[in-house]
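Here's the structure, in structure tokens; my notes come after.
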Amino acid sequence: MNLSDKISKQLEKRLQFVYKKNYSDKLLVKLAEVIAQYPRIQHNKEKWDEKEVVLITYGDSIKKEGEVPLQTLKKFLDEKVKDQLSVIHILPFFPYSSDDGFSVINFREVNPELGNWGDVKSLNENFALMADLVINHASSKSEWFHNFLKQEGKGKDYFITEDPKTDLSQVVRPRSTPLLTACKTSNGIKHVWTTFSADQVDLNFSNPELLIEMIDILLGYISKGAQIIRLDAIAFLWKETGTTCLHLPETHEVVKLLRDVAEYINPSVVILTETNVPNKENLSYFGNNDEAHMVYQFSLPPLLLHALHTGNSTYLNKWAESLPELNDETTFFNFTASHDGIGVRPLEGLLPDNEKTELVDNMQKFGGLVNYKSNSDGTQSPYELNITYFDALKGTHCGIDNFQVERFLASQIIMMSFQGVPAFYIHSLTATPNYLEGVAKTKHNRTINRRKWNFDELQQILSSDTPQKKVFESLQELISLRKKQKAFHPNAKQEILEMGNHLLALARISKNKKQTIVLVANLTDKEQSFTLSEQFKLCTFNLIENKKISQKSLKPYQCMWLSTI
């Protein structure tokens with residue numbers, strides 16, 4: 001298969017930008033040969049609509065003795081949420097050596113402890129798949145790295161080495177561990193770049209052979225049914241001494257290149273960038289509508305947490321009002337919790353330092369932990385809060401109270417109301433409390449939100465009179481309701497409404513302008529009244545309770561979806 005002139009010129013432009021003087025026509029030929037191995041899918045399917053709802057889970061988040069974890073997961077999902085969820089994000093399901101999957105040993109195989117490609121395909125029968133391209137680094141136990149140590153075979157030139165005397169003080173770090181790690185190779189001691197840990201060795205994308213390899217891996221995932229590709233830690237991809245090594249122009253161009261290739265093979269594939277950084281930097285991955293199709297709303301989880309802790313919507317509203325307008329090819333990935341912690345850096349420039357400090361302190365009072373990062377001046381600062389979102393809302397800045405379930409459900413309703421695609425982490429769906437026993441075992445803070453549920457135990461909890469059952473069943477109903485509303489299309493217009501600091505209010509207007517939904521949410525533990533403006537005075541039917549409102553007041557943490565129809 002020969003590439004069309006249009007895509008060929010586009011890829012050539014991207015490759016020339018990234019590799020500059022090192023570019024040659026042979027590189028484009030190699031890329032074309034890789035692309036030619038994969039059949040193209042031709043259709044005009046919309047990338048997303050109001051029915052798009054994502055579940056984030058590990059392949060073994062739900063386990064049963066004697067069963068293959070991916071098969072147990074499928075059983076649970078088919079029985080419980082098949083009608084609510086449309087996309088399953090299986091966190092890295094490849095052989096790995098650390099970081100619960102994000103230190104990949106082999107990018108092309110399924111971890112045999114989870115199942116096989118047949119089990120992944122089986123999940124794809126009822127759900128679209130979202131998969132990680134763990135693009136920044138590979139495991140120190142991988143064949144690639146072993147070949148690097150031997151300096152022979154595939155991988156010998158795939159990793160970054162640096163003289164430890166080099167001034168790397170400008171490099172932005174997400175960790176407090178050493179940036180360089182010494183290792184013994186056949187050519188003597190080398191120091192490799194390790195942004196995240198000594199076991200996660202950064203890949204050298206200045207080598208175009210590696211980029212071709214990663215594109216082949218990407219297309220392999222798409223050929224096996226992946227509809228959304230999450231580019232893990234993409235912001236750190238390109239390294240240049242004397243810079244921050246974060247968001248470099250070459251990194252952005254590689255994302256654009258990956259989008260071009262993915263869309264050429266399957267126009268409905270979505271490229272999602274994972275960049276846990278300040279808001280403006282995060283949004284830069286939309287590019288000029290030619291980069292990521294979707295970006296994580298990393299500022300939403302901590303800002304929403306702050307709003308519900310303080311009963312004050314000021315900072316959440318200000319951020320929401322600043323969000324850029326979307327087109328049909330771009331949208332947001334909305335979430336409140338994930339397998340990682342709640343990012344603190346995405347609050348930079350959005351929340352005063354004293355408010356941020358109080359939020360961090362409150363999380364620790366509720367059993368949470370804190371991960372820190374190293375700064376260029378030698379100091380350390382909070383990088384992420386480690387706590388389940390359910391337990392993060394067991395109280396407010398005044399302390400623990402009896403509104404945990406109501407407050408948590410309010411957080412999920414608000415998240416679902418924002419423009420974009422809603423995503424639920426498995427432990428939000430099941431209202432999982434802090435897993436401190438796991439932290440004691442692994443000595444890793446993030447384990448607090450990575451519990452492995454026993455299938456039978458979870459079934460029992462969800463069928464008994466528990467907070468988990470109430471949350472789970474409420475979310476099932478809310479998601480089912482939301483999926484029927486055209487005003488909740490990811491690209492439907494959004495307008496932030498001013499109703500005072502104790503309330504959060506926004507309007508969503510369907511693309512055909514036939515439906516308007518106004519979210520009104522009480523962020524406090526006191527009853528609050530509200531007034532609808534003239535523009536929205538006809539929005540008097542509360543979809544959540546399926547009845548017309550008799551009075552404009554909200555109970556503590558109550559939310560309403562007020563519609564014209």
Side-chain angles (χ1 to χ4, degrees), residues 41 43 45-59 61-62 70 73-93 101 110 114-115 117 119-134 218 221-232 259 262-263 266-274 292-297 300 326 328-340 412 415-416 418-430 472 475-476 478-485 488-492:
I41 298 172
H43 56 67
K45 178 186 172 187
E46 195 176 18
K47 288 184 186 294
W48 47 67
D49 61 23
E50 62 276 5
K51 297 180 178 64
E52 196 92 328
V53 182
V54 181
L55 176 72
I56 306 165
T57 179
Y58 284 100
S61 287
I62 303 173
L70 284 173
L73 177 65
K74 175 178 167 53
K75 182 194 301 183
F76 178 83
L77 298 179
D78 286 350
E79 288 179 4
K80 298 288 189 181
V81 291
K82 186 174 67 173
D83 295 331
Q84 286 80 35
L85 304 175
S86 61
V87 181
I88 303 301
H89 175 199
I90 313 173
L91 290 156
F93 47 84
V110 174
L114 297 178
W117 278 113
D119 297 313
V120 175
K121 184 179 179 181
S122 182
L123 277 164
N124 198 195
E125 292 170 3
N126 291 324
F127 307 96
L129 292 177
M130 175 170 155
D132 290 273
L133 185 64
V134 186
L218 165 70
Y221 296 165
I222 293 172
S223 73
K224 293 183 183 296
Q227 191 71 31
I228 302 177
I229 301 293
R230 175 185 182 271
L231 300 182
D232 177 64
R259 169 174 167 159
E263 283 195 322
N266 185 345
S268 66
V269 165
V270 172
I271 297 296
L272 168 64
T273 48
E274 186 265 331
H293 298 105
M294 202 183 289
V295 300
Y296 276 79
Q297 287 276 45
L300 177 58
L326 301 172
D328 289 340
E329 287 289 303
T330 57
T331 197
F332 301 113
F333 187 84
N334 295 327
F335 71 112
T336 56
S338 73
H339 61 290
D340 288 339
Q412 302 309 292
M415 180 273 288
M416 282 192 276
F418 274 104
Q419 194 174 45
V421 171
F424 296 86
Y425 183 42
I426 185 72
H427 292 302
S428 289
L429 203 63
T430 58
F472 186 77
L475 289 178
Q476 284 179 305
L478 288 162
I479 294 169
S480 295
L481 174 62
R482 184 193 184 279
K483 290 175 69 172
K484 298 173 183 175
Q485 316 306 321
F488 283 138
H489 186 287
N491 294 95

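Index from 1, following the sequence.
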**Message:** Quick one about Ser268 and Asn266 (side-chain donor to acceptor, distance below 3.5 Å, no hydrogens or angles considered), yes or no?
**Reply:**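 Yes, because at least one side-chain N or O of Asn266 sits under 3.5 Å from a partner of the opposite role on Ser268.
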
**Prompt:** Judged by modelled atom types alone, do His489 and Gln419 share a side-chain donor-acceptor pair under 3.5 Å?
**Reply:**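 The criterion, which ignores hydrogens and geometry beyond distance, is not satisfied for Gln419 and His489.
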
**Request:** Considering only NZ, NE, NH1 and NH2 on the basic side and carboxylate oxygens on the acidic side, decide whether Lys121 and Asp119 come within less than 4.0 Å.
**Result:**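 A salt bridge is absent here (no side-chain N lies under 4.0 Å from a carboxylate O).
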
I'd like to know if the side chain of [X] reaches the main chain of [Y], judged simply by a donor and an acceptor atom lying under 3.5 Å from each other, with no hydrogens or angles considered.
X: Arg482; Y: Met416; answer: yes
X: Lys484; Y: Glu50; answer: no
X: Lys47; Y: Val269; answer: yes

Taking all non-hydrogen atoms of both residues into account, name the closest pair between [X] and [Y] and its distance.
X: Leu129; Y: Gly225; value: CB-O, 3.8 Å
X: Arg230; Y: Asp132; value: NH1-OD1, 2.5 Å
X: Val110; Y: Gly115; value: CG1-O, 3.5 Å

**Request:** State the CZ-OG distance between Phe127 and Ser122, to the nearest 0.5 angstrom.
**Result:**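 Taking CZ in Phe127 and OG in Ser122, the distance rounds to 10.5 Å.
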
**Request:** Drop me the distance from Thr330's OG1 to Asn491's CG, to the nearest 0.5 angstrom.
**Result:**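 Nearest 0.5 Å value for the OG1-CG distance: 6.5 Å.
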
**Message:** Given Phe335, which partner from the list Tyr296, Phe418, Phe424 fulfils the ring pair (Phe, Tyr, Trp, His ring centres under 6.0 Å) test?
**Reply:**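 Result for ring pair (Phe, Tyr, Trp, His ring centres under 6.0 Å) with Phe335: Tyr296.
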
**Request:** Quick one: sort the Phe93 and Trp117 rings into parallel, tilted or perpendicular, breaks at 30° and 60°.
**Result:**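 Plane angle over 60°, so perpendicular.
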
**Partner residues of Lys74 under the salt bridge (charged side-chain N to carboxylate O under 4.0 Å, His left out) criterion, sequence neighbours left out** =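 For Lys74 the salt bridge (charged side-chain N to carboxylate O under 4.0 Å, His left out) partners, ignoring immediate neighbours, are Asp78, Glu125.
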
**Request:** Before giving the answer on side chain to side chain contact (heavy atoms under 4.5 Å, CB included), spell out for Val421 and Phe332 the whole-Å C-alpha distance, their side-chain angles and the decisive distance to 0.1 Å.
**Result:** CA-CA 6 Å; Val421 171; Phe332 301 113; over 6 Å; no

